[in-house]
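Note that ligands are numbered from 1 as they come in the structure, with each ligand's atoms numbered from 1 the same way. In this text, all values refer to a predicted model and were calculated from it rather than measured experimentally. Heavy atoms only: backbone and side chains are in, while hydrogens, waters and symmetry mates are out.
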Amino acid sequence: MDKKFNSHLCQIVTILSDGEFHDGTTMGDALQMTRSAVWKTIKKLIAYDIPITSIKGKGYTMTVPLILLDPQKIKMELDNKKLPITLFESIGSTNDYLKLKKKAKGPEICLAEQQTQGKGRLARKWHSPFGQNIYLSCLYLFQKDISELAGLSLVVGLAVINVLKSYGVSDQLFVKWPNDILFGQKKLAGNLIEIQAESYGESQAIIGIGLNVNMRNEELKEINQAWVALSHILNCYVDRNELSARLINRLFQYLHHFNEFGFAPFHEEWLKADSLTGETITIKNVRESLSGRVVDINAQGHLVLRLANGILRSFSSGDATILKKS
Ligand code: BTN
């Protein structure tokens, strides 16, 4: 069941985040809640896998740092203060929520603390534990035909890279066509674009971004590929409110530019961050699996391969695996 945000949850997390013990009665008095309502909220946090210790006579304490998402804090930092933001405590998928908006009038954002059906490209699952990462979807209307949107996921990747650089991360940060953000060989973020509707040269796109921010190591077993979180790279806890605001601002700048000028102005920026150019790869899509050397990204954002027989082929979609590291 989708759950909109419960303000008591946020208030209790704020109290417990000082690392001290707090008893139910004192917290209840401070928040004008009954002791049993406090207990219910604590039980909910435990169900969300937030490590909370309780000691009889002392109360409760939280043993990990946690700052929950707060749309007000995010909005304060946005270039567009009127941008609608909906935050869910828990939802199936933020992309699926925005897909319900048929014929939207303008852009909007959906964020969630947890996704129970988070999805990645090629029907993969996107692991989305509560309160740790960013699960963000953006609905955006393009004055473009669907055929002109092949470069969109690349542009979104570049916007994410740009934000990560603003945190001082630059070495070893790569984009991997078409949608991965890697730190070294490990996945840090990905995006999932779903084009929802199109008519008369307009397209409504849902742009989903998953960014590993404060993901804890115990989540290791749930993910079947090498991953890394921003907090591991920076060696500190990262406030997701500030990060979300930076991401939304940068994303809209990149999307407006792409809407107006297409992928061509981003070509150079892509090549600088790209991990595949010059590599020998295998590309798989629903129709075929082919190997070749990556020579470029074309003006549409398609991957250009030189096959073994010397022929150049471009691909608008697919999954790329490096065969031989150059
Ligand atoms: C990938 O790398 O395969 C894409 C991952 C995209 C995950 C994000 S999280 C927010 C949005 N909602 C989803 O269900 N998926 C995207």
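- At least one test fails for K44 against the ring of F130: distance under 6.0 Å to the centre or angle within 45° of the axis.
- In this structure, K73 does not pair ionically with E77, as no charged nitrogen and carboxylate oxygen lie closer than 4.0 Å.
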Please give the N or O to N or O pairs under 3.5 Å between ligand 1 and the protein, distances rounded to 0.1 Å.
unit_1	atom_1	unit_2	atom_2	d
ligand 1	2 (O)	N179	ND2	3.2
ligand 1	2 (O)	K187	NZ	2.5
ligand 1	3 (O)	R121	N	2.7
ligand 1	12 (N)	T94	OG1	3.1
ligand 1	12 (N)	Q115	OE1	2.9
ligand 1	14 (O)	S93	OG	2.8
ligand 1	14 (O)	Q115	OE1	3.4
ligand 1	14 (O)	K119	N	2.8
ligand 1	15 (N)	K119	O	2.7

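- A donor-acceptor pair under 3.5 Å is absent between the side-chain atoms of H22 and the main chain of G59, judged by distance alone.
- The salt bridge (Lys or Arg N to Asp or Glu O under 4.0 Å) check on E288 picks up R313, with sequence neighbours excluded.
- Judged by distance alone, with hydrogens and angles left aside, the side-chain atoms of R121 form a donor-acceptor pair with the main-chain N or O of G318 at under 3.5 Å.
- Side chain of R306 to main chain of L312: no donor-acceptor pair is present (N/O by atom type, distance under 3.5 Å, no hydrogens or angles).
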